[in-house]
Amino acid sequence: MSSIRVRFAPSPTGYLHVGGARTALFNWLMARKQGGTFILRIEDTDVERSTQESVDAILQGMEWLGLDWDEGPYYQSANFPLYKEHVQGLIDSGKAYKCYCSAGELEAKRDLAMKEGRKPKYDGTCRQRADQPPNDPFVVRFRAPQSGVTSFDDLVKGTITFPNEELDDLIIQRTDGTPTYNFCVVIDDAIMDITTVIRGDDHVNNTPRQVQLYEALGFPVPQFAHVPMILGADKTRLSKRHGATSVIAYRDMGFLPEALMNYLVRLGWSHGDDEIFTREEMIQKFDIANVGRSASVFNPDKLLWLNAHYIKTGDPERLAKLLIPFLKERGIDPKQGPDLAAAVRTLQERARTMIEMADAIKFYYHPPAAYDEAALAKFGKDHLGAVYQAVSDKLVSTPASTAAEYDSVFKDLCTEQGWKMPQVGQPVRIALSGGTQAPGIGEIIVVLGKEETLQRLAAIIRKL
RNA sequence: GUCCCCUUCGUCUAGCCCGGCCCAGGACACCGCCCUUUCACGGCGGCGACACCGGUUCAAAUCCGGUAGGGGACGCCA
């Protein structure tokens, strides 16, 4: 049994967006699951719109997600001579012909057809043309069958059949001599021995044309798997106006790659009621047969939930490393202050993104510049001085080193003084962090250290 | 307009191929309660869907037909 070969073939006209990433993911999963080969191919036949920056952005996105490829990146632009050769071959065998209709004429005919409610397809003007004006610009068209049907068995959608009357003679080479997409994919997929073409279902309509080309060229037709689109909240194709679509933008918003991967794999695919998948589990459980047939709406809330999950269960040391750039942006140098991983640990259950984590972690590195006055007022500013002093004294006189030990220091103090816990805990939280939303008091003190804690208590006493 | 595809809670989905276990299960979100020194986490519970109409059948979310709605394609873009 020969092993499968799949490919992800983005065109470098922008960054890697979530739709593309999921297509890449399904390809990668299929290859990894079956021990096949995952190929990356850059479809840059549109010289005008293709840029190196886009190529870099796409590679960066894939690397961030951990979608490693086995071959490539190959560039279609490197294959131009090969395409030309095949175009000529098709012309020689009468399966393609030169068309001298101008782009303007064609456009006018198309508009007219649309207006009259007809299918806007090429009318075949040059199909039987005998003369070949030597100096006129021309395109090359594929001579497509005009009757019968073309069908293929799609791995996710089942058998799809198109009447050939619907398909016109598509252009395979432009006036400037460059080949077009539908032709290049076929040649490339054929010469790269691609066994399974997994791509977005916006390509279903291209498939019958490609099948015809495979046949005309004498290449074996690969298997196809068209995965449904990803839609925005308004159920139209996901685009910038729905918010971030770039994979890298999600990184910058503080998402973890494993969270995005997990989110993406569940969009259109499922394995029973499972929601959380490690990379290994995805690979092990993935089956293209379980990919759904209908489009799905991108749900940022669920992504956020997954991200929270991975932050909660992640390794603090790793999270600390990932957090550093976010801290830098906020002018925090994690070397000046408590151990970052220790600080991270106290916020893992409280932050849903690295941004939230970075914002919440600030107070460990900078003493509060201001206090939540409204909250302070609630506890009666007059008594606060005594409370802080008592806490400070108790801390000095009682040995403690773990969060639990510090917590019991506070409990003991409350018992001794007849205070209620919230009356002490909240003010102390404000003294240490500036506000009322923070990790547990004991946890904070352990991270901050007793010395710093006492200093912050002294500071607030001075300001009362 | 024409062709192709799709249609289970607001959203992601299980179930559908091989009808009965489904007066439809899970997850996100939302609401309530519990836990709790704050905020969270967590636990428990609630809300909430088989697009519609016909047919087949003892029995249909599951099979068949139609209707409606949505998406996609119709490019010398990919």
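Letters A, B, ... are given to chains in the order of the sequence lines, protein chains preceding strands, and every chain is numbered from 1.
Look at B/C17: it lacks any Watson-Crick or wobble partner with both distances under 3.5 angstrom. Across every strand in view, B/A40 sits unpaired, with no contact that passes the Watson-Crick or G-U test at under 3.5 angstrom. The partner of B/U2 is B/A73, judged by Watson-Crick or G-U wobble contacts that both fall below 3.5 Å. When Watson-Crick and G-U wobble pairs are counted only if both distances are under 3.5 Å, B/G65 pairs with B/C53. With a cut-off of 3.5 Å on both pairing distances, B/C47 has no Watson-Crick or G-U wobble partner at all.
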- Message: Counting primed atoms plus P, OP1 and OP2 as sugar-phosphate and everything else as base, spell out the protein contacts along nucleotides 43-49 of chain B at 4.0 Å heavy-atom distance: B, S or - for each nucleotide, 5' to 3'.
- Response: -------
- Nucleic acid footprint by protein, nucleotides 22-34 of chain B - heavy-atom cut-off 4.0 Å, B for base, S for sugar-phosphate alone: ---BBBBS-----
Sequence neighbours left out, cut at 3.5 Å: what donor-acceptor pairs do the side chains of residues 74-81 of chain A make with other protein atoms?
residue	atom	partner	partner atom	Å
A/Y74	OH	A/E71	OE1	2.9
A/Q76	NE2	A/E43	OE2	3.2
A/Q76	NE2	A/D188	OD2	2.7
A/S77	OG	A/D44	OD1	3.4
A/S77	OG	A/D44	OD2	2.7
A/N79	ND2	A/D188	OD1	2.9

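Nucleotides B/C6 and B/G45 are separated by 38 Å at their P atoms, to the nearest Å. Across the C1' atoms, B/A60 and B/C22 are found 11 Å apart, a figure rounded to whole Å. When the C1' atom is compared between B/C23 and B/C31, the two are found 24 Å apart, to the nearest whole Å. Across B/C28 and B/A49, the matching C1' atoms stand 16 Å from one another, rounded to whole Å. B/C34 and B/C50: their C1' atoms are spaced 34 Å apart (whole Å). Here, B/A14 and B/A24 have their C1' atoms 10 Å apart, quoted to the whole Å. As rounded to the nearest Å, B/G1 and B/A51 have P atoms that lie 24 Å from one another. Rounded to a whole angstrom, the distance from the P atom of B/C63 to that of B/A78 is 40 Å.
In this structure, the ring of A/H17 has its center no less than 6.0 angstrom from the ring center of A/Y250.
Contacts between residues 307-316 of chain A and RNA chain B, counted as heavy-atom distances below 4.0 Å, involve A/K312. Taken residue by residue, residues 284-296 of chain A places heavy atoms nearer than 4.0 Å to RNA chain B at A/R293, A/S294, A/S296.
When the nearest nucleotides of RNA chain B are assigned to A/D46 and A/M421 by heavy-atom distance, the more 5′-ward of the two goes with A/M421.
Taking only side-chain nitrogens and oxygens, A/T236 never comes nearer than 4.0 Å to OP1 or OP2 of B/G70.
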Tabulate protein N/O versus nucleotide N/O from nucleotides 73-76 of chain B, keeping only pairs under 3.5 Å, one per line.
residue	atom	partner	partner atom	Å
B/A73	OP1	A/R237	NH1	3.0
B/A73	O4'	A/N205	ND2	3.1
B/G75	OP2	A/P120	O	3.4
B/C76	O3'	A/R174	NE	3.3
B/C76	O2	A/T175	N	3.0
B/C76	O2	A/T175	OG1	2.8
B/C76	N3	A/T175	OG1	2.3
B/C76	N4	A/C101	O	3.3
B/C76	N4	A/A103	N	3.3

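A salt bridge does not link A/R141 with A/D168: every distance from a Lys NZ or Arg NE/NH1/NH2 to an Asp or Glu carboxylate oxygen is 4.0 Å or more. Using a cutoff of 4.0 Å between basic side-chain nitrogens and carboxylate oxygens, A/E275 and A/K302 are scored as salt-bridged.
Note on A/T436: a base of the nucleic acid sits closer than 4.0 angstrom, heavy atoms only. Looking at heavy-atom distances under 4.0 Å, A/P228 makes no contact with the nucleic acid at all. If you check every strand for non-hydrogen atoms under 4.0 Å, A/T13 touches nothing. Using a 4.0 Å heavy-atom distance criterion, A/T178 is classed as making no nucleic acid contact.
B/C18 adopts an anti glycosidic conformation, its chi angle falling more than 90° from 0.
In the set B/A78, B/U38, B/C4, the nucleotide with an atom closest to the side chain of A/I160 is B/C4.
Side chains of A/K235 and A/V297 form a contact here, defined as non-hydrogen atoms less than 4.5 Å apart.
Here the shortest heavy-atom pairing between A/A343 and A/I361 reads CB-CD1, 3.7 Å.
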